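Inspection log for the structure reproduced underneath, given as structure tokens.
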Amino acid sequence: MNNGIAIGSFIKGRITRAKSNGYKLRWLLPLLFLIGYLSTYSKLEGFEIEYLTLTLFSIIACCLLLTRLNPPLNKKLPIWIILAVFMVAYYFKFYLMVYDPEILGDGWTMKKLYSLIQYPTVLFETFKTISYTFITFCVTAWFLLGHTRYLHMEPLKKRINYRPAISILLWLIPILMGVTTYVMYSTGMCRMGADNTYLSFRLAGWIFYARSTLIPALLLLLIWSSDKAGLRKHLAFGIILLFLHGMSDMLLRSSRGAILIPFILLTILFLVTERITKKRIQLFGVILLITILLWPVISYYRYVRAADPTISIDYNLKESIKNVSSSRSFSLSEMFKEAATAVIFRFVGSDSLIYIMGANLPPLYNDALGMSVSKFFTFDVIGFPPNAIQGCAPSFPGYFYLIGGNGLVVIAMASFVFLAWFCWYLLAKLKLRCLPVAQALFLWWIFHLFSSGVLDSLYLAILVMAGSIATCEWILRTSGGRGDFKKRPIVQTLDRGCDL
């Protein structure tokens, strides 16, 4: 008995030390600023001193924040997610574009972006706005983390029996997936590069939000409940449904990143519940690889389907695969490189700010109240014709810069961090039975909002998220979630987890 306890303590100690060593790697993040500056300072001719000053302040702000981003990870995920978006979508992307503009490609918008990058003034103004926003974020987050107690998520007094909820989800989710898939396929709604389809009783909106938020939320609930109960087969079935949902969205909407989004949500759920394992990291890696490999195929698939909507999905997919694989310039390494670059550029960030600085338009101020800022960015800033079927995101700082300049950007960033942390703190205090699912949806909302900057219909996204959380909670509460464990001594009531 003593030997077993000793072995358990030894293993726990090894895990704790491994996590501690992993956390120490966060101090490598400031190197991005140093390497990026050394690689790009020659491109900002005339602004060398100002560029260096902003870089140094960014490094100091980052180090200040990192002093508070110590374990546990899952308690501070909102701050980590915003920091990750800054590092990838703003700083890394900025350095990459400035260092090697040829990576942008040959599209019309990319050619315009390429021409704007040649102007040091545009680059400096872009970096200045990024730095102001980032420094504001770091200081605000540092203050909040230092003046807020750790989030203590008190466990429910009674353990939950997940079997009834799992039984409901096993038939409810396939039905919802089947019905919404059929409606989208038959009407051609929500397809990229095509006109919007309008249905009676706002059915198109209901279908879209059901597939983009409600169904993923129910899938997360199924996976989490199965994982808590130790039901490996049900967990695997939930992951398969998640994959099928992403794949069907990719084909129905001609969306190249649709298969990746549900698994980002799943990864966030595993981070929240501290159930990240080696196999689950490998699973996400496989999905990312599939997304990269399918990127050129779905790109061609989208163009063909937009040109002729009557072509069947299976025929279009076969022709797209044949076209990509039979291309004379086809190279697996080149395809992987281009697709990986395209995935990075899917993160809205510094590129949108470069467009805005290049346009050099006065702030909208009060005029923003009667218009869509995203449409203004698409047509007036980038320059798409008014009849174009196109929508572009201005990024979070770009949205507020268009309205009120850098001053409003600083105020908006500080307010956003404060509200995000307050809601995260409040959510942890609610006695929700589906708390991990609710937290995963909230974190995804933070990620999507901050990375895209589309705030025109913000209230609608909040209502859909709240409704999805309420649905998950209702299923757990009305399905006999708390059972009499003396009468039903079943194994899955124990929080064992699955080896998957």
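Not measured: the values here are computed from a predicted model.
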- Sequence-distant partners of Ser374, side chain to side chain donor-acceptor pair (under 3.5 Å), two or more places apart: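 In terms of side chain to side chain donor-acceptor pair (under 3.5 Å), with neighbours along the sequence ignored, Ser374 is linked to Asp456.
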Tell me if a side-chain donor or acceptor on [X] pairs with a main-chain N or O of [Y] at a distance below 3.5 Å.
X      : Y      : answer
Ser352 : Val348 : no
Arg256 : Trp295 : no
Glu48  : Gly46  : yes
Asn74  : Thr273 : no
His245 : Ile259 : no
Arg280 : Phe270 : no

- With ring centroids as reference points, do Trp142 and Phe137 lie under 6.0 angstrom apart? no
- Message: Quick test of your reading: applying ring-ring contact (aromatic ring centres under 6.0 Å, His included), list the pairs with at least one residue in residues 25-55, sequence neighbours left out, ordered by first then second residue.
- Response: Phe33-Tyr91, Phe33-Phe134, Tyr37-Tyr41, Tyr37-Tyr51, Phe47-Phe124, Tyr51-Phe127
- Task: Kindly confirm or rule out a cation-pi arrangement of Lys128 over Tyr132, judged by NZ or CZ under 6.0 Å from the six-membered ring centre and within 45° of its axis?
- Result: no
- Query: Excluding sequence neighbours, so at least two apart, what forms salt bridge (charged side-chain N to carboxylate O under 4.0 Å, His left out) with Lys93?
  - Reply: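 With sequence neighbours excluded, Lys93 shows a salt bridge (charged side-chain N to carboxylate O under 4.0 Å, His left out) to Asp351, given in chain and number order.
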- Decide ring-ring contact (aromatic ring centres under 6.0 Å, His included) for Phe86 and Tyr90; before the verdict, give the C-alpha distance in whole Å, the side-chain angles of both, and the deciding distance to 0.1 Å. CA-CA 5 Å; Phe86 262 117; Tyr90 291 91; 5.4 Å; yes
- Item | Mutual orientation of the aromatic rings belonging to Phe450 and Phe396 [parallel < 30°, tilted 30-60°, perpendicular > 60°] | tilted
